[in-house]
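Here the structure is a predicted model, which is why all the values come from computation and not from measurement. Just the heavy atoms: all of them, side chains too, but no hydrogens, waters or symmetry mates, feed the values below.
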Amino acid sequence: MRVFLVLLTAFTMYAQVKTFSVADFGARGDGIADDGPAIAKAMQAAQAYGKGAVIRFGTGVYRTGKTAISRGYDESPSTRPASFYVRGVTNFTILGEHAKVIETEPGMGVFYFEECSNIALAGLTVDYDPLPFTQGTIVGWNADDATFDLTVDAGFPLPNFPQFTNATVKRGQVIFDTNGTYIQSRIPHFFVNKEWQHVSGNIWRATLGGPWYDKNRNTDANPLRSPLLTTGARFWFMTKTFSSVMTFHDCYDVRAENMIVHAGSFFLGMKRGARLIVRNCAVDIPAGSGRLLSCCDVMHVASQTRGPTVIENNRFCWGGDDPINGHSDGQYITGSDSPETITIRTYLPNMFAPGDMLEFVSGKGVIKGAAAIKDLSVEVTNKWPRIIYRIGLDRAVADINTNKGGDYVYDLSACGAPLFLRSNYFQYTCRTLPFTTDAVIEGNTYVSNQGALGIALHCEPPTTYPALEGPSPRNIVIRDNHFVGSFIALHANTPGDIRNIVLSNNSFTEFAEPALRFYGGKDITVSQTRIDVAPGVMRYKKPYSLIWFGSCENVEVCDLLVRDMDASLDAVIRLSGMSDTELRTIRITAETAGCPVVKR
């Protein structure tokens, strides 16, 4: 109740608060009736009231779905963003008092806010019925035919249900091997391009395909050729719709507190806007449910969102991919009349502002330089993509390539920075991706089972990923974190792009990769780090090292404490593509079976 009172107190500074109880509009909260239309009426009344409206969900279970759409959509349910749509409001609160919302359309989100400010959601639990995913046990596969067979767990949706057959992204993943070892991050994704075929009983057959799979059919990137794939492996399959339980577009001053989400494509998505706080929330499977997945991705803060972004005291567990992904979307340059002017054509509004610092990147992912926006004009046309940005720069940028697949820009002023990721708990999730220019990642715990990537510092150019998620991280402080079976990786497209990285007072245990695996970083400091590996921890590669630096510049490692008695350990620190002068080591204490501290 404390968080509700705090939020209400904050809003009374701006306007007279008026509470709209969903029960007053006919919502029963009995877990049986379709309460969507009643909730939609309450939302519409609150929007009409204006500043200071509070939507109240009393104790109960509220089912909602496609009948609850509070916006005049003509598309099919699969293209609707959410059950409840709110636009253009200020000082708007949704409060749940021990209330649970069950979304009955697996391809939809729940709350969608657009062009709003000072928005808060607190105290709700959200789940889906039917679930947007299914799960089961792999009982066989044929790499040559690109097929595998799955026994679907009792009580979970069958793969021929509409939420799977109508989805644009059909993706699955092995999460545990036969022995119960978490291997989700070690086996490539399963992309299914055809409908599942019923074999017998609860056994269904899937066929992998698509451009990515066809390209990698005969490589290690083919999951059906992975040596870790075994009969009896546990597997989930999901429709990724990019609809979030909470979506915020062009919103400012957003808070989500004490929210619990058990299922969904995403927990939270924010595009454009500024100032996000996510505090005391949980994304996790219900106790005793036997589920293998909560949300496919947990949180994306993307597409020109401005900071600060504060994510603290949360619990993010059983996610299928990124628990935190903060980035700016790269935008291709479509025209340039001079080295001081560029044109960008896109479908996204509110992308840039005068004074923003743009980073120019080639189509191969090489940083070419940076310039600030001196002047800006925007034109909306009838031709898709409709929005044209004409940008004047404060300095010249040479050799701008406007051809298809040529140069693009990241807005360094709108990549969620500064990011504060504090005191969160991550378990059985893939990786934290801070594509940002300033971040403090501190006091977090990352738990997996020998092999999950905890924090990934990298950038995704079009040569690896068409979405252009970036920019290259820099000015990142990672301190006071604990990694159990998890590790940190840094990979620069061009050596030196990722720089000014400070790691301090972090600890690592029970991991199957090097605790630190860095390629191409510059100006890196690692201090007061503890690496403690118990006997018998599985290693995927032997011999191995505990820390690996490749093609890095200006690296300092000091006050490192190591304990690993495995005979396969051939070095505490291994260097590749670096001169002796690029690494400085100070006060390293290593309890090993006799391997060298540094090996080149």
Side-chain angles (χ1 to χ4, degrees), residues 1-12 15-73 77 80-106 108-114 116 118-129 243-248 251 254-264 267-268 281:
M1 192 66 184
R2 174 178 171 273
V3 66
F4 306 154
L5 295 176
V6 169
L7 291 172
L8 288 173
T9 301
F11 288 152
T12 56
Q16 181 64 41
V17 171
K18 182 174 181 179
T19 298
F20 296 81
S21 173
V22 296
D24 293 340
F25 292 82
R28 298 181 183 179
D30 59 6
I32 300 173
D34 181 1
D35 287 324
I39 297 170
K41 291 178 182 178
M43 302 281 280
Q44 291 165 353
Q47 291 183 72
Y49 175 76
K51 295 183 179 180
V54 176
I55 301 289
R56 177 182 172 273
F57 287 78
T59 302
V61 178
Y62 301 84
R63 297 181 69 87
T64 183
K66 62 183 179 181
T67 60
I69 301 299
S70 51
R71 177 181 180 183
Y73 280 97
R80 295 167 177 166
S83 285
F84 307 111
Y85 176 79
V86 180
R87 183 174 184 177
V89 301
T90 301
N91 305 335
F92 191 91
T93 309
I94 296 178
L95 295 179
E97 298 175 356
H98 307 290
K100 183 176 185 179
V101 174
I102 296 179
E103 175 61 58
T104 61
E105 281 291 324
M108 290 172 54
V110 182
F111 301 105
Y112 190 111
F113 292 86
E114 190 171 18
C116 300
N118 212 11
I119 305 300
L121 292 91
L124 280 175
T125 297
V126 178
D127 205 350
Y128 279 70
D129 182 20
S243 292
S244 302
V245 170
M246 296 173 284
T247 299
F248 305 95
C251 293
V254 175
R255 294 187 298 283
E257 302 189 50
N258 288 28
M259 297 288 291
I260 299 174
V261 172
H262 293 313
F267 160 65
L268 184 149
C281 294

>> Checking Ile260 against Val126 for the side-chain contact (heavy atoms from CB on, under 4.5 Å) test, could you report, in this order, the C-alpha distance in whole Å, the side-chain angles of both residues, the deciding distance, and whether it holds?
In response: CA-CA 6 Å; Ile260 299 174; Val126 178; over 6 Å; no
> If every non-hydrogen atom of Asp34 is compared with every non-hydrogen atom of Thr64, which pair is closest and at what distance?
Replying inline: OD1-CA, 3.9 Å
> In terms of ring plane angle, is the pair Phe92 and Phe113 parallel, tilted or perpendicular, where the classes change at 30° and 60°?
Replying inline: perpendicular
> Taking all atoms of both residues into account, what is the closest heavy-atom pair of Tyr128 and Ile102, and its distance?
Replying inline: C-CG2, 4.2 Å
> Should Asp129 and Arg63 be marked as a salt bridge (Lys or Arg N to Asp or Glu O under 4.0 Å) after you check the CA-CA gap, both sets of side-chain angles, and the distance that decides it?
Replying inline: CA-CA 9 Å; Asp129 182 20; Arg63 297 181 69 87; 3.3 Å; yes
> Is it the case that Ser83 and Glu105 place a side-chain donor and acceptor less than 3.5 Å from each other?
Replying inline: no
>> A side-chain contact here means heavy atoms from C-beta on lying under 4.5 Å apart; do Thr93 and Ile55 qualify?
In response: no
> Any donor and acceptor pair, going by atom type alone, linking the side chain of Asn118 with main-chain N or O of Thr90 inside 3.5 Å?
Replying inline: no
>> Test side-chain contact (heavy atoms from CB on, under 4.5 Å) on Val86 and Tyr112; report intermediate values, then the result.
In response: CA-CA 6 Å; Val86 180; Tyr112 190 111; over 6 Å; no
> Taking side chain as C-beta onward, heavy atoms only, is Arg255 less than 4.5 Å from Leu121?
Replying inline: no
> Considering only heavy atoms from C-beta outward, does the side chain of Phe84 approach that of Val110 to under 4.5 Å?
Replying inline: yes
> Would you say the ring centroid of Tyr62 lies under 6.0 angstrom from that of Phe57?
Replying inline: yes
> Taking all non-hydrogen atoms of both residues, which atom of Met108 and which atom of Glu103 are closest, and how far apart?
Replying inline: O-CG, 4.2 Å
> Can you list the steps and then say if Phe111 with Met43 is a side-chain contact (heavy atoms from CB on, under 4.5 Å)?
Replying inline: CA-CA 11 Å; Phe111 301 105; Met43 302 281 280; 4.2 Å; yes
> What closest approach, in Å, do Cys281 and Phe267 show between heavy atoms, and which atom pair accounts for it?
Replying inline: CB-CZ, 4.0 Å
